[in-house]
Amino acid sequence: MLEVPINRITTLNDDQPNMDAPYVLYWMIAFRRVNYNFSLQRAIEWANKLSKPLLIFEPMTIDYPMASIRFHKFAIEGIQDIQKQTEKSKAFYFPYVEEKKGVADKLLIELAKNAAVVITDDYPTYFVPQMTAEAKGSIQTTYELVDSNGLLPIRIAEKEYVRAHDFRRFMHKNIEDFLVEVPEQDPLEYLNLKFDEKLLEPILKKYELVDFNKVNTQDFLNNLNVDKSVEISDVVGGYNAAKLRLDLFAKKGFNDYSKLRSHPSEDASSQLSPYFHFGHISTYEVFEKIISNESWSVENIDPNFVGRREGWWGGSANLESFFDELITWRELGYHTCVKRANYDQYQSLPEWAIKTLDDHANDEREYIYDLSEFTNANTHDEIWNAAQNQLKTEGRIHNYLRMLWGKKILEWTPNPQIALSYLIDLNDRFALDGRDPNSYSGVFWILGRYDRAWGPERPIYGKIRYMTSKSTATKFNLKPYLEKYSVGSTV
Ligand SMILES: Cc1cc2nc3c(=O)[nH]c(=O)nc-3n(C[C@H](O)[C@H](O)[C@H](O)COP(=O)(O)OP(=O)(O)OC[C@H]3O[C@@H](n4cnc5c(N)ncnc54)[C@H](O)[C@@H]3O)c2cc1C
C-alpha cells in the first residue's frame, strides 16, 4: 500500500500514540466511503504500524444546520452500502444515526478515549472545521486530519486564486504528481488485524448498533425528530448508486458532454455532485474511469496549453470539458474555502462587485418576492418556477438553470445582501449537493465571484453578468423540461 502523501495530512494533536489503547479510530465525517479514501488509508497505515485493529465510526447528527429527512435518507443509503462492503473486512464499522441531540458527540468522546490514534476527514466548509477543531479538547493522543477531497491537496496553494483562469494555470503546473499519488481503490484489503467485537461490548450495551440493511428506512426516518418539510428525493444515495451514475454517464452522457452539458432538457451531465458532497464517491475514481475509457495517459498532456481551458489534457473535447468542471471548477471552490475564512460572507466578494452592487442597491425592482414565495416557486416566471420546483422536489437543478435561478433571485429581492441570504438558504436547504465548497462558488458567482465586470451597466445588476429567462428560452428547447418540472406537473 502506498503511503498517504504528507501534504494530505494535518496534525491536530502530535502526542505520541496511546499504546495502551486497543484500536485505531477513523472518525468518518465527510468522505463517507471505503474506496479511494486517503483518510481510511491513513488510519490503516497507523493500525498496521501499531499492530492494532481498526474501528470506523460514522456518525450522523440530528441537529446540524439544514438537517432534514432528505439528507438523512441519502446518508443512510450510503451507510447501507458501507455496511455491506465492510461485512467481511477486518475493520469494525460502526454507523450511528443520532436520535437524540448530542449523543453522537458523547459516543465519539468515549470511543476516542480508547483510541491509540484518531484520524478524521479534512473538509473545509460548513460546521465540519469547527467540529474537528473542538474535538481536539477530547482527544489525548495522535489526532490527524486527512484530505481526500480531490485530485489536488487542498492546502498546497500558497495564495488564494480569484479567477478560474489563474487556478487552472496553477493546477496544470502542479497536478501531475497527484495523478500518480492515487489513493488505494480498496484500502481495507491491506488491514492486518481483525477487530474483536468484544472490545466494544460496554459501548454497544449503551449505544445501539443498527443494521440499516435490516431496518425499514422509511420507519426509521419517520421516527426521527428532523425537518420533514424538505421531503425525501427519489435520488438514491450511496456508493452503489454513485457507481451506477458514473457508469451510465461514462457510457452515455459523456459522449455529448461538451456539446450538451448546458442543455436543461438533456441528460448530458454526470449528476454526480450529491455523491461528491456526501463523499460517497471519490473524484479519483471518476477520473480513472474516464481516462481508462478514453485511453488517456499523462503522456497526452500538452504543456504548450498551460492555463488554457482546452488542449492541456490532450484529450477529446468531452474529456477537456468534463475535467475542467471536475477539477478546475470543483477544486477552485475547495481552495477558496481553505484560504478565505469569510467565504460565505457578502464581504468576501471582489471589490468591483461590491461597488457595482452597492451603486445599484436602491434601483427600482419590478418584482420583489419573499423567501416563502421563492420557496414555493410562486413567481411570475414559469422557467424560474420550474427550476425551483425541481430543486424542491428532487434536490437538484440543472447547472444552466441554476445560474438563471440565482440571477433572478438577485433581481427580485430588495437588495443584494438579502438575495445572498435567500440564495444560501434555498440552495443549502434543498440541494442534495448543498452545504459544499461549491455551493459558495455557485452562489457567490451569481454576485460576481470568479467573474469579471460586464457591460453595459444595467439596473440592479450594475456590471454583474446578466441573464434572462427569455434568452434561455430562445437558446434551448425547454418544452420537455417545463413539461416535467412546471409547478403542478407530475415529477
Ligand atoms: C447558484 C448556484 C449554486 C450552486 N450550488 C452548488 C452546490 O451547492 N454544490 C455543488 O456541487 N455545485 C453547485 N453549483 C455548481 C454546479 O451547478 C453543480 O456542480 C453542477 O450542476 C452539478 O451537476 P453535475 O454533477 O451533473 O455536474 P457535471 O457537469 O457532470 O460536472 C462534474 C462535477 O464537476 C463539478 N462542477 C461542475 N460544474 C461546476 C461549477 N460550475 N462549479 C463548481 N463545480 C462544478 C461538480 O462537482 C460536478 O459534479 C452551483 C452553481 C450555481 C450557479
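Remember, it's 1-based here, ligands and their atoms both numbered in the order they're listed. All residue numbers refer to positions in the sequence shown, counting from 1.
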Task: Stepwise side-chain hydrogen bond (donor to acceptor under 3.5 Å, both in side chains) test for Tyr461 and Glu411 - done: CA-CA 7 Å; Tyr461 289 83; Glu411 195 177 316; 2.7 Å; yes

TODO: Using a strict 4.0 Å cut-off to heavy atoms of Met403, name the atoms of ligand 1 that fall inside it.
DONE: 53 (C)

- [ ] Decide, yes or no, whether a salt bridge links Asp247 with Lys289 under the criterion of side-chain N to carboxylate O below 4.0 Å.
- [x] yes

Open item on the list: For Asn225, is the CG atom crowded, meaning more than 12 foreign heavy atoms sit under 6.0 Å from it?
Closed with: no

Open item on the list: If only side-chain N and O atoms count, and only distance matters, is there a donor-acceptor pair under 3.5 Å linking Asp121 with Tyr26?
Closed with: yes

- [ ] Around atom 30 (O) of ligand 1, find the nearest protein heavy atom and jot down its residue, atom name and distance.
- [x] Ser270 OG, 2.6 Å

- [ ] Quick one: closest heavy-atom pair of Val235 and Tyr275, and the distance?
- [x] CG1-OH, 3.7 Å

TODO: With the side chain counted from C-beta on, respond yes when Glu294 and Asn318 share a heavy-atom pair under 4.5 Å apart, and no when they do not.
DONE: no

Open item on the list: Within the 3.5 Å criterion, strictly below it, is a donor on Gln85 or Asn35 matched to an acceptor on the partner's side chain?
Closed with: yes

TODO: Around atom 43 (C) of ligand 1, find the nearest protein heavy atom and jot down its residue, atom name and distance.
DONE: Asn438 OD1, 3.2 Å

Task: Protein contact of atom 28 (P) of ligand 1 - nearest heavy atom, named by residue and atom, plus distance - done: Tyr257 OH, 3.5 Å

Task: Sub-4.0 Å atoms of ligand 1 with respect to non-hydrogen atoms of Ser439 - done: 5 (N), 6 (C), 7 (C), 8 (O), 9 (N)

Task: Nearest-option assignment for atom 42 (N) of ligand 1, heavy atoms, candidates Trp329, Tyr334, Phe322 - done: Trp329

Task: Per-atom contacts of ligand 1 with Asn427, taking only distances under 4.0 Å to non-hydrogen atoms - done: 3 (C), 4 (C), 5 (N), 7 (C), 8 (O)

Task: Sub-4.0 Å atoms of ligand 1 with respect to non-hydrogen atoms of Gly434 - done: 8 (O)

TODO: Could you tell me which atoms of ligand 1, counted from 1 in the order shown, lie closer than 4.0 angstrom to a heavy atom of Ser273?
DONE: 11 (O), 22 (C), 23 (O), 25 (O), 49 (O)

- [ ] Please determine if Glu285 and Arg33 form a salt bridge, counting it only when a charged side-chain N lies under 4.0 Å from a carboxylate O.
- [x] no

Task: Identity and distance of the protein heavy atom lying nearest atom 18 (C) of ligand 1 - done: Arg402 NH1, 3.7 Å

Task: From the candidates Ile281, Asp433, Val443, the one that places a heavy atom nearest atom 10 (C) of ligand 1 - done: Asp433

Open item on the list: Just so I know, are the side chains of Trp405 and Met467 near enough to count as touching, which here means a heavy-atom distance under 4.5 Å?
Closed with: no

Task: Under-4.0 Å heavy-atom contact with ligand 1, by part of Ser269 that carries it - done: both

Open item on the list: I'd like to check which ligand 1 atoms, numbered from 1 as shown, lie under 4.0 Å from a non-hydrogen atom of Leu326.
Closed with: 34 (O)

Open item on the list: Tell me the protein heavy atom at minimum distance from atom 21 (O) of ligand 1, and give that distance in Å.
Closed with: Asn399 CB, 3.3 Å

Task: Closest protein heavy atom to atom 47 (O) of ligand 1, given as residue, atom name and distance to 0.1 Å - done: Arg330 CD, 3.3 Å

Task: Within the 6.0 Å centroid threshold, strictly below: Phe212 and Phe220 - done: yes

Task: Salt-bridge criterion met for Arg168 and Asp324 (N-O under 4.0 Å) - done: yes

TODO: May I ask you to identify the nearest protein heavy atom to atom 51 (C) of ligand 1, giving residue, atom name and distance to one decimal place in Å?
DONE: Gly442 CA, 3.5 Å

Task: Proximal atoms of ligand 1 relative to Gln271 (non-hydrogen, under 4.0 Å) - done: 24 (P), 25 (O), 26 (O)

Task: Proximity winner for atom 35 (C) of ligand 1, if only heavy atoms of Glu325, Arg261, Arg435 are counted - done: Glu325

